[in-house]
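This report refers to the structure that appears directly beneath it.
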Amino acid sequence: MRHFDVAVIGTGPAGQKAAIQAAKLGKRVCIIEKENVLGGAAINTGTVPSKALREAVLHLTGVGRRGLFGEMSRVKRNITVADLIYVSQQVIHHELAIIREHFERNNVELLWGAARFDNENILYVDRPDDFEAVSAEKIVIATGTRPARPASVPFDNKTVFTSDELLKLERLPKTMIVVGGGVIGVEYACMLAALGVKVTLVEGRRQVLGFLDNEITESFQYQMRRVGITLRMGEKVAKIERLTPAPRATTSPALLAAAAATSFATTSEADRPATLHPDAENGNGHTLDMFGDFVPNGPLVQATLESGKTLRAETLLYAVGRQGTTSALKLEKAGLEYDDRERLKVNGNYQTAKGHIYAVGDVIGFPALASTAMEQGRLAVCHAFGIPTMSIPELFPYGIYAIPEISMVGKTEDQLTAEGIPYEAGIAQYKELARGQLLGDETGMLKMLIHQQTGHILGVHAIGSGATELIHIGQAVMALGGTVEYFVNSVFNFPTLAEAYKVAALNGVNKLRHM
């Protein structure tokens with residue numbers, strides 16, 4: 001049996017950073033991967049593919065620059081799934097090569113196979129034809145999550161699917177129902193709407209992305225509706241079913257002619273003949289009925305809501321929550337338990353109930369972002385070997401790569417109100433910035449929350465072009481204890497989106513002076 005200082009389970013962002021950090025400390029490290037490829041969901045089905053898809057959508061449709069160039073910004077008229085997948089695959093292959101290079105350069109031993117505990121210090125690595133036992137002083141669980149797939153949902157991976165299967169679609173549908181208004185649901189809803197898909201999003205809460213600042217959420221929902229996304233808020237799906245259309249009728253031409261001669265003025269919607277003309281193909285996988293309406297030839301999906309409403313579309317993306325994969329690890333043999341979604345409970349240092357076993361990334365729950373997972377992996381290993389760190393978890397930024405981008409760091413207005421902290425909000429609209437005009441983005445916004453008495457920055461919230469980049473300026477100032485005066489007295493390049501900080505600071509200071 002081989003012995004390691006650190007054994008990491010999972011090669012996603014959290015596992016990668018944990019293994020590399022341990023190797024940098026001079027430890028003997030192995031990392032175990034059960035799939036046939038490295039990188040976990042982040043590289044293969046989640047973060048990287050979805051962001052690559054987003055960049056392809058923005059480039060090919062020109063949607064982000066239509067405010068300045070209009071339809072001239074569109075690179076390609078008829079965009080296919082193949083166009084989108086090509087971009088995604090190029091990025092994925094590049095990232096996979098980088099991960100493997102990092103492991104090799106740092107002497108991290110890669111073990112292919114499915115890990116399971118034999119006891120709290122020994123892991124079995126199962127392979128199709130054999131298995132290997134390894135022991136480790138410290139163990140880091142970074143197995144990530146997979147999309148939730150309730151048994152009541154009739155998944156077929158073609159018409160009803162999760163985000164894992166979305167990128168494998170053979171063609172772009174005309175219509176789609178998205179169930180779930182979390183990060184994954186809204187990101188894909190926005191991308192598909194930009195591609196011309198008619199999207200209906202169903203969310204059980206009264207707003208999407210409930211952890212965001214209310215004003216940002218309201219702005220985002222307005223912009224979603226503006227691009228044609230139908231929002232069904234405060235609605236829950238009671239039943240999802242696939243519908244197969246009836247075979248085409250073979251009504252004789254004489255009967256069709258007789259039906260056509262019927263006065264349309266006296267024929268109600270309910271009385272319309274259901275007969276489809278057998279030769280009325282429109283070339284897009286649909287059939288025209290006698291009244292010129294499109295009827296899909298393929299199966300439909302129907303979602304029945306608890307309120308009694310029914311929604312129909314060609315496809316349905318189920319994006320309600322993610323499920324852990326820890327049951328396969330045989331955690332009970334290490335004296336550990338997981339919750340009903342197979343997540344692990346950890347303390348502030350990412351330790352489980354067994355102090356030498358750590359858990360990081362999506363497997364410990366919110367915020368379940370690649371960026372936070374990476375830092376958690378690093379912090380866990382540093383703690384395991386007594387290395388002091390300067391990280392500030394409460395200032396981890398959140399980024400949502402919808403269209404438009406959304407990002408935040410620090411507190412929201414609701415949180416500050418609940419905690420009794422006096423604050424003022426400074427606002428900068430992109431339409432006030434020359435850079436905003438040059439980008440054709442007149443709807444973006446940056447909000448800065450300022451302590452009324454001390455002037456310290458309590459939170460920064462942004463929506464619009466470059467929001468996920470822009471947020472880091474506020475993050476740095478907050479981490480260093482800066483106040484609003486820093487932004488008032490600083491000079492920013494012109495024209496830039498960063499100027500929004502000065503505009504928001506001046507707006508906030510003016511409000512404070514007139515209290």
Side-chain angles (χ1 to χ4, degrees), residues 67 207 209-223 226 390 392-400 404-515:
Q207 62 181 25
L209 303 173
F211 59 92
L212 293 179
D213 184 87
N214 279 335
E215 190 171 1
I216 297 295
T217 303
E218 290 169 5
S219 174
F220 179 54
Q221 289 183 172
Y222 167 76
Q223 294 188 52
R226 192 163 164 259
M390 295 287 291
I392 310 174
E394 58 269 25
L395 292 183
F396 284 177
Y398 300 159
I400 296 92
E405 285 181 26
I406 305 170
S407 196
M408 64 164 284
V409 64
K411 303 282 189 178
T412 66
E413 288 200 54
D414 281 353
Q415 288 173 326
L416 293 174
T417 299
E419 294 172 18
I421 299 174
Y423 71 91
E424 188 55 79
I427 306 290
Q429 305 286 348
Y430 277 24
K431 63 185 178 183
E432 302 176 90
L433 309 173
R435 187 63 175 171
Q437 296 292 328
L438 291 169
L439 291 173
D441 186 343
E442 297 184 352
T443 59
M445 175 181 73
L446 182 137
K447 177 198 286 191
M448 184 186 301
L449 302 180
I450 308 161
H451 197 291
Q452 285 187 345
Q453 295 160 1
T454 67
H456 284 98
I457 310 303
L458 304 171
V460 180
H461 306 268
I463 179 171
S465 301
T468 55
E469 300 282 353
L470 197 60
I471 207 72
H472 297 124
I473 299 174
Q475 179 193 24
V477 172
M478 291 171 68
L480 295 172
T483 69
V484 68
E485 293 300 325
Y486 168 81
F487 293 111
V488 170
N489 296 318
S490 290
V491 175
F492 294 88
N493 282 330
F494 177 87
T496 61
L497 290 177
E499 284 183 278
Y501 278 99
K502 185 154 190 164
V503 174
L506 290 169
N507 177 257
V509 167
N510 286 338
K511 291 177 181 177
L512 289 171
R513 286 173 179 168
H514 291 87
M515 284 177 57

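Fair warning: this is a prediction, and the values are worked out from it, not measured in the lab.
Not a single donor-acceptor pair under 3.5 Å links the side chain of Y423 to the backbone N or O of G459. A donor-acceptor pair under 3.5 Å links the side-chain atoms of E432 to the main chain of Q429, judged by distance alone. Judged by distance alone, with hydrogens and angles left aside, the side-chain atoms of Y501 form a donor-acceptor pair with the main-chain N or O of L470 at under 3.5 Å. Looking at K502, its side chain does come within 3.5 Å of a backbone N or O of V488 through a donor-acceptor pair. Within the 3.5 Å criterion, the main-chain N or O of V503 finds no donor-acceptor partner in the side chain of N507. Listed for the D441 side chain is no donor-acceptor partner under 3.5 Å among the backbone atoms of G464.
Atom NZ of K431 and atom OG1 of T443 lie 9.5 Å apart (nearest 0.5 Å). The CG atom of L512 sits 5.5 Å away from the CD atom of E424 when rounded to the nearest 0.5 Å. To the nearest 0.5 Å, atom CG of residue L416 and atom CD1 of residue I450 are 11.5 Å apart. In this structure, CG in L480 is found 9.5 Å from OH in Y486, a value given to the nearest 0.5 Å. With values rounded to the nearest 0.5 angstrom, Q207 atom CD is found 11.5 Å from F220 atom CZ. A distance of 6.0 Å separates CG in N493 from OG1 in T496, rounded to the nearest 0.5 Å.
Scanning all heavy atoms of the two residues, the minimum distance from P422 to Q453 falls at CG-NE2, 3.9 Å. For G410 against M478, the heavy-atom pair with the smallest separation is CA-CE, 3.9 Å. Residues S407 and G399 share a closest heavy-atom pair of OG-CA, 4.0 Å. Annotation for I392 and A479: closest pair CD1-CB, 3.9 Å, computed over non-hydrogen atoms. Between Q475 and P397, the shortest heavy-atom contact is NE2-CD, 3.3 Å. Across all non-hydrogen atoms, the minimal contact from A498 to I473 is CB-CD1, 3.8 Å.
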TODO: Starting from the C-alpha separation in whole Å, work towards a yes-or-no answer on side chain to side chain contact (heavy atoms under 4.5 Å, CB included) for L449 and H461.
DONE: CA-CA 8 Å; L449 302 180; H461 306 268; 3.7 Å; yes
TODO: Check step by step if side chain to side chain contact (heavy atoms under 4.5 Å, CB included) holds for M445 and I216.
DONE: CA-CA 8 Å; M445 175 181 73; I216 297 295; 3.4 Å; yes
Open item on the list: Evaluate I427 against K511 for side chain to side chain contact (heavy atoms under 4.5 Å, CB included), listing each step before the verdict.
Closed with: CA-CA 11 Å; I427 306 290; K511 291 177 181 177; 4.3 Å; yes
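Using bins of under 30°, 30° to 60° and over 60° for the plane-to-plane angle, the ring pair F211/Y398 lands in the perpendicular bin.
Within the 4.5 Å cutoff, the side chain of Q223 has heavy atoms near those of the I463 side chain. The shortest distance between side-chain heavy atoms of N214 and T412 does not fall below 4.5 Å. Contact check for L446 versus V460: side-chain heavy atoms found under the 4.5 Å cut-off. In this structure, I400 and L212 have side chains that are in contact, with non-hydrogen atoms separated by less than 4.5 Å. Within the 4.5 Å cutoff, the side chain of E405 has no heavy atoms near those of the I471 side chain. Using a 4.5 Å heavy-atom threshold, the side chains of H451 and V484 count as separate.
Judged as a salt bridge (charged side-chain N to carboxylate O under 4.0 Å, His left out), the pairs with a partner in residues 406-420 (not counting sequence neighbours) are, in order, K411-E419, E413-K447.
Counting only N and O atoms by type, the side chains of Q221 and T217 include no donor and acceptor under 3.5 Å apart.
Checked against salt bridge (charged side-chain N to carboxylate O under 4.0 Å, His left out), E499 has no partners two or more places apart in sequence or in another chain.
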